[in-house]
Amino acid sequence: MADITVTSLVKSFEVGNNILDGLSFTVNPGERVGILGVNGCGKTTLFRILVGEIDYDEGQVATAPGKRIGLISQIPVYPDGWTVEDVLKEAHRRLYTMQSRMDALTEQMERDSSPALLQEYDRLSAEFQRLGGYTMESDRNRVANGLQIPPSQRAQLFDSLSGGEKTRVNLARLILEDTDILLLDEPTNHLDLRATEWLEDYLLHFKGTVLAISHDRWFLDKVVQRCVEIGEGGKAEFYSGNYSFYVEERQRRFEEKLKQYEKDQAKIEQLQRAAEQMHLWAFMGNDKLHKRAFSMEKRIEKLSRSEKPKEQRKLSAKFKQREFEGDEALVIEGLEKSFGQKRLFHDLSLSVRAHRHRGR
């Protein structure tokens, strides 16, 4: 049975504008899948739907029964006064509850040696061991060290951390929870090279299922086995390889579609000329040619439905050479950026100066 099944999923935030429009795909147990697409295509929305944070309009979403799914997207709100260590320990809450019950049973068995108490203790002990209860301290240290969360930071109040530090701590908590299905939304944004390499190695040995959104092509190349691209129409395109395979295969498919489109356009032009000629001959006395002309026009109509494939827009920037003054490090003049009709900024100017430390 698939870990995740998405069928004909539709989601919109504005009437008449579906961000996901008939999205369908499946993810099998143990797969590592990259979720790709331009900004705003619905990748994060999809993740939030998968964990039940938001609802969808149409379609079906199913995860395998009994499988635990975890997402790092928004930073949870923890009780006031919680330290980083408290957050990390939250991943093992179920184990600590079991440990408390086992301690209580031990005290009871000193006074009461009934078989029922012994059976409950044996059952809890076996489950505690299976879930890693006897190694949770070392596991916590291993994950914290791998993601570069030092002991000094683990003693800090969680609320005192920066946004990037909080995200890293929550990533550690998610890993420690022994989740069956990991949804990673830009997991390397706040990791340095060493921590990123540790995460890559962890995911390569992780026995569960991974879905990852990332702009880090090196991370995707190392980790994912196949890619699902959410296209502009809100539907899925599938690529049976890592990010490098996706880039080459996407370009090959584009060129193939473009050749077919150009071939269709040439055929349309040829059929239009032939249909016009047959209509002319029909008016000159051969009425049967009208039927042949109408048949050609129906074929033209079918061919005309194909749209010209579009290449993904690439950033085009020109960096002018000029004389810099003093400590100028970066100068921006008249910068503008829009996504469709939505303008992000206009006529933006900025000057950044280098800060130099002077010795005594």
Side-chain angles (χ1 to χ4, degrees), residues 2-6 20 23 25-54 61 63-64 67-76 87-88 90-91 139 142-144 146-149 161 163-230 236 238-239 241-246:
D3 268 0
I4 295 174
T5 303
V6 175
L20 300 174
L23 183 72
F25 68 93
T26 59
V27 180
N28 293 317
E31 281 195 301
R32 300 189 302 273
V33 182
I35 305 298
L36 309 178
V38 298
N39 289 339
C41 73
K43 301 185 295 293
T44 297
T45 297
L46 170 65
F47 275 15
R48 294 179 66 196
I49 288 173
L50 290 176
V51 296
E53 282 188 11
I54 58 175
V61 175
T63 55
K67 294 271 181 106
R68 302 176 69 195
I69 186 167
L71 165 66
I72 290 294
S73 58
Q74 296 179 339
I75 297 171
V87 173
L88 296 178
E90 179 68 5
D139 288 343
R142 174 178 56 84
V143 173
L147 293 176
Q148 295 186 303
I149 304 170
L161 302 182
E165 289 169 335
K166 288 179 178 178
T167 301
R168 196 161 69 247
V169 170
N170 275 292
L171 177 59
R173 179 188 56 79
L174 178 63
I175 290 172
L176 286 166
E177 282 180 350
D178 197 23
T179 308
D180 301 297
I181 304 170
L182 286 174
L183 306 182
L184 304 177
D185 193 347
E186 299 293 353
T188 63
N189 272 4
H190 302 289
L191 303 181
D192 63 14
L193 180 60
R194 180 184 155 195
T196 298
E197 289 175 345
W198 182 90
L199 179 61
E200 289 170 353
D201 185 67
Y202 172 83
L203 294 175
L204 289 174
H205 292 88
F206 179 57
K207 294 180 181 179
T209 300
V210 178
L211 274 68
I213 299 169
S214 179
H215 286 91
D216 185 341
R217 62 169 297 169
W218 310 109
F219 174 79
L220 291 174
D221 264 351
K222 187 76 177 288
V223 170
V224 306
Q225 300 162 312
R226 68 182 181 97
C227 298
V228 176
E229 180 187 39
I230 302 177
F238 305 101
Y239 299 84
N242 63 10
Y243 185 83
S244 292
F245 175 86
Y246 156 78

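For this chain, numbers begin at 1 and follow the sequence in order. Not measured: the values here are computed from a predicted model.
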Take Asn39 and His215 through the side chain to side chain contact (heavy atoms under 4.5 Å, CB included) test and state the conclusion after the steps.
CA-CA 10 Å; Asn39 289 339; His215 286 91; 3.2 Å; yes
Using a 3.5 Å distance criterion without hydrogens, assess whether the side chain of [X] forms a donor-acceptor pair with backbone atoms of [Y].
{"X": "Asp185", "Y": "Ile213", "answer": "no"}
{"X": "Arg168", "Y": "Ala195", "answer": "no"}
{"X": "Lys43", "Y": "Glu229", "answer": "no"}

What residues, two or more places apart in sequence or in another chain, satisfy salt bridge (Lys or Arg N to Asp or Glu O under 4.0 Å) together with Glu186?
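Scan of Glu186 (salt bridge (Lys or Arg N to Asp or Glu O under 4.0 Å), adjacent residues dropped) gives none.
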Should the ring pair Tyr202 and Trp198 be called parallel, tilted or perpendicular, given that the plane angle runs from 0 to 90° and is split at 30 and 60?
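Tyr202 vs Trp198 ring planes: parallel.
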Considering only heavy atoms from C-beta outward, does the side chain of [X] approach that of [Y] to under 4.5 Å?
{"X": "Leu171", "Y": "Leu199", "value": "yes"}
{"X": "Leu182", "Y": "Glu177", "value": "no"}
{"X": "Phe25", "Y": "Val33", "value": "no"}
{"X": "Ser214", "Y": "Tyr243", "value": "no"}
{"X": "Thr63", "Y": "Lys67", "value": "no"}

I'd like to know if Arg173 pairs up with Glu90 as an ion pair, taking the criterion as any Lys NZ or Arg NE/NH1/NH2 lying under 4.0 Å from an Asp or Glu carboxylate oxygen.
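Salt bridge absent between Arg173 and Glu90.
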Distance, nearest 0.5 Å, that separates [atom1] of [X] from [atom2] of [Y]:
{"X": "Asn170", "Y": "Leu147", "atom1": "CG", "atom2": "CG", "answer": "11.5 Å"}
{"X": "Asp216", "Y": "Thr196", "atom1": "CG", "atom2": "OG1", "answer": "6.5 Å"}
{"X": "Trp218", "Y": "Ser244", "atom1": "CH2", "atom2": "OG", "answer": "7.0 Å"}
{"X": "Arg194", "Y": "Gln148", "atom1": "CZ", "atom2": "CD", "answer": "4.5 Å"}

Side chain to side chain contact (heavy atoms under 4.5 Å, CB included) between Arg32 and Asn242, intermediate numbers included:
CA-CA 10 Å; Arg32 300 189 302 273; Asn242 63 10; over 6 Å; no
Work out which heavy atom in [X] is nearest to a heavy atom in [Y]; give both atom names and the distance.
{"X": "Ala236", "Y": "Val228", "answer": "CB-CG1, 3.9 Å"}
{"X": "Phe238", "Y": "Arg226", "answer": "CD2-NH1, 4.1 Å"}
{"X": "Cys41", "Y": "Leu20", "answer": "O-CD2, 3.8 Å"}

Given side chain to side chain contact (heavy atoms under 4.5 Å, CB included), test Leu71 with Glu53 step by step and report yes or no.
CA-CA 10 Å; Leu71 165 66; Glu53 282 188 11; 4.0 Å; yes
Per the side chain to side chain contact (heavy atoms under 4.5 Å, CB included) rule, which among Val169, Val143, Leu184, Leu183 passes with Leu174?
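Among the candidates, only Leu184 passes.
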Return all side-chain donor-acceptor pairs below 3.5 angstrom for residues 203-212, not counting sequence neighbours, or 'none' if the list is empty.
from   : atom 1 : to     : atom 2 : distance (Å)
His205 : ND1    : Asp201 : O      : 2.8
Thr209 : OG1    : Asp3   : OD2    : 2.5
Thr209 : OG1    : Gly30  : N      : 2.9

Side chain to side chain contact (heavy atoms under 4.5 Å, CB included) between Tyr246 and Leu220, worked out:
CA-CA 10 Å; Tyr246 156 78; Leu220 291 174; over 6 Å; no
If you count the non-hydrogen atoms of other residues, nucleotides and ligands that lie under 6.0 Å from CZ in Arg217, is the total more than 12?
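Counting other residues, nucleotides and ligands, CZ of Arg217 exceeds 12 neighbours.
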